[in-house]
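Computation of the quantities below employed the complete heavy-atom set of this structure, encompassing side-chain atoms and omitting hydrogens, waters and symmetry-equivalent molecules.
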Amino acid sequence: MSPRQRLSPADRRAQLLAVGARLFAAHPYADVLMEEVAEQAGVSRALLYRHFPSKHALFAAVYQQAADQLLAETRLDPADSLVEQLIQGMDVHLDYFVANRHAVLAANRVLAGDPVIQTIMTNELDALRARLLAVLPLADESAREAVSGVLKSWLVFVQVLCVDWLTHETCTRTQLRDVCVGAVLGALRPLLAEDPAPDWPPQRSGAPAQGGPDRHDA
């Protein structure tokens, strides 16, 4: 073990979160031991437990940090088209899901129903819904309420679908992303005064003409 570095409490916490994030990403939740976190951070177990009294507390802090980072990286720039915004947001989240498969599965499977973890996820989904509402062309307040309900259900759908995909990759990542984008566009079209994405779905090279006999993917 390398000599222990003297860090400020904030820097030490950040270091422990980085070590915890790396271990939770690399191993199933049950296999991550606080002793290993302390060893890799070069600190005593007592010092680790002063910052995080349990593995659950460490995981919750790691997941909160990840949720905050995902929100910061999800742009939703009104200068972009809605499709561009949705694709960018999906790519940011899928990048994290793939790189942190074990952590995502722990939050959604091992710790499913845990009130702390569920609050973190609910708060992120609510923030994403509010951002999407801000960039959509809404006619009036009643349309806003209807669209808000659709977005709430869609975000849960995306969460469930992505977690299932991490367990069994039954399609490509691009197909998964396009399914999610297409689902919300299809759900929103009847509620908006104008089509939010007239060019969606994109015409794929070599695809059969609409109404043709062959509807199977190549």
Side-chain angles (χ1 to χ4, degrees), residues 60 63-98 104-105 107-109 111-167 170-204 207 209-211 215 217:
Y63 216 70
Q64 180 66 69
Q65 184 181 66
D68 293 341
Q69 183 176 345
L70 288 170
L71 282 173
E73 293 178 358
T74 301
R75 199 168 55 241
L76 293 183
D77 186 344
D80 295 334
S81 71
L82 179 60
V83 169
E84 289 171 330
Q85 294 175 69
L86 290 169
I87 287 176
Q88 189 271 340
M90 285 297 307
D91 280 340
V92 165
H93 282 75
L94 287 172
D95 284 346
Y96 175 79
F97 293 164
V98 172
V104 175
L105 292 177
N108 289 275
R109 295 281 172 82
L111 298 174
D114 179 273
V116 175
I117 304 302
Q118 288 300 312
T119 296
I120 293 170
M121 291 192 289
T122 298
N123 288 343
E124 190 207 352
L125 296 183
D126 285 346
L128 289 170
R129 176 163 51 115
R131 291 187 187 186
L132 284 167
L133 280 170
V135 300
L136 286 170
L138 303 175
D140 51 35
E141 191 59 31
S142 63
R144 180 182 180 84
E145 291 181 8
V147 169
S148 180
V150 167
L151 291 175
K152 183 176 182 178
S153 298
W154 174 71
L155 287 165
V156 173
F157 162 78
V158 170
Q159 181 182 21
V160 172
L161 187 61
C162 288
V163 170
D164 286 347
W165 181 79
L166 288 175
T167 307
T170 53
C171 62
T172 68
R173 172 184 159 142
T174 299
Q175 287 172 330
L176 173 68
R177 185 195 68 191
D178 288 355
V179 165
C180 294
V181 171
V184 72
L185 293 176
L188 289 175
R189 278 183 170 124
L191 300 174
L192 300 178
E194 58 186 74
D195 191 333
D199 296 329
W200 185 274
Q203 182 64 41
R204 302 195 185 281
Q210 186 175 2
R215 294 179 179 269
D217 291 335

Residue pair L185, L82: steps toward the side-chain contact (heavy atoms from CB on, under 4.5 Å) verdict = CA-CA 9 Å; L185 293 176; L82 179 60; 3.8 Å; yes

Stepwise side-chain contact (heavy atoms from CB on, under 4.5 Å) test for L71 and E124 | CA-CA 7 Å; L71 282 173; E124 190 207 352; 3.8 Å; yes

Would you please test Y63 and V104 for side-chain contact (heavy atoms from CB on, under 4.5 Å) and show each step?
-> CA-CA 9 Å; Y63 216 70; V104 175; 4.2 Å; yes

Please assess M90 against V158 for the test side-chain contact (heavy atoms from CB on, under 4.5 Å), listing each intermediate value before the final yes or no.
-> CA-CA 9 Å; M90 285 297 307; V158 170; 4.0 Å; yes

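Pairs engaging residues 69-92 under the ring-ring contact (aromatic ring centres under 6.0 Å, His included) rule: none recorded [sequence neighbours left out].
W200 pairs in a side chain to side chain contact (heavy atoms under 4.5 Å, CB included) with only one of the listed residues (P196, P198, P202), which is P202.
Contact of the W165 side chain with the T172 side chain is not registered, since no non-hydrogen atoms from C-beta on lie closer than 4.5 Å. The shortest distance between side-chain heavy atoms of C180 and L161 falls below 4.5 Å. Between Q175 and D178 the shortest side-chain heavy-atom distance does not fall below 4.5 Å. Two residues are said to be in side-chain contact when any heavy atoms from C-beta on lie closer than 4.5 Å; W154 and L132 meet this criterion. Inter-residue side-chain proximity for L136 and L151 is flagged as met; some heavy-atom pair is nearer than 4.5 Å.
With rounding to the nearest 0.5 angstrom, the CE atom of M121 is 13.0 Å from the CG atom of L155. For the atom pair CG of L105 and OG1 of T167, the computed distance is 4.5 Å after rounding to the nearest 0.5 Å. Distance check, rounded to the nearest 0.5 Å: OG1 of T74 to CD of Q69 gives 10.0 Å.
Taking both residues in full, the closest heavy atoms of A67 and I120 are given as CB-CG2, 3.9 Å, listed atom of the first, atom of the second, then distance. Counting all heavy atoms, side chain and backbone alike, S142 lies closest to D140 at OG-OD1, 2.7 Å. Residue Q85 comes nearest to D77 through the heavy atom pair CD-O, 3.2 Å, listed as atom of the first residue, atom of the second, then distance. The shortest non-hydrogen separation linking V150 to A187 is CG1-CB, 3.6 Å. The shortest non-hydrogen separation linking L128 to L76 is O-CD1, 4.4 Å. Residues P137 and L192 come closest through the heavy atom pair O-CD2, 3.5 Å.
Using modelled atom types, no side-chain atom of R177 and backbone atom of L86 make a donor-acceptor pair closer than 3.5 Å. Between the side chain of S148 and the backbone N or O of R144 there is no donor-acceptor pair closer than 3.5 Å. Within the 3.5 Å criterion, the main-chain N or O of E73 finds a donor-acceptor partner in the side chain of Q88.
Note on D95 versus R173: salt bridge recorded, some NZ/NE/NH1/NH2 to OD/OE distance being below 4.0 Å. At a threshold of 4.0 Å, the pair D164-R109 counts as salt-bridged, since one of the basic side-chain nitrogens sits closer than that to a carboxylate oxygen.
Around atom CD of Q118, more than 12 heavy atoms belonging to other residues, nucleotides or ligands sit under 6.0 Å away.
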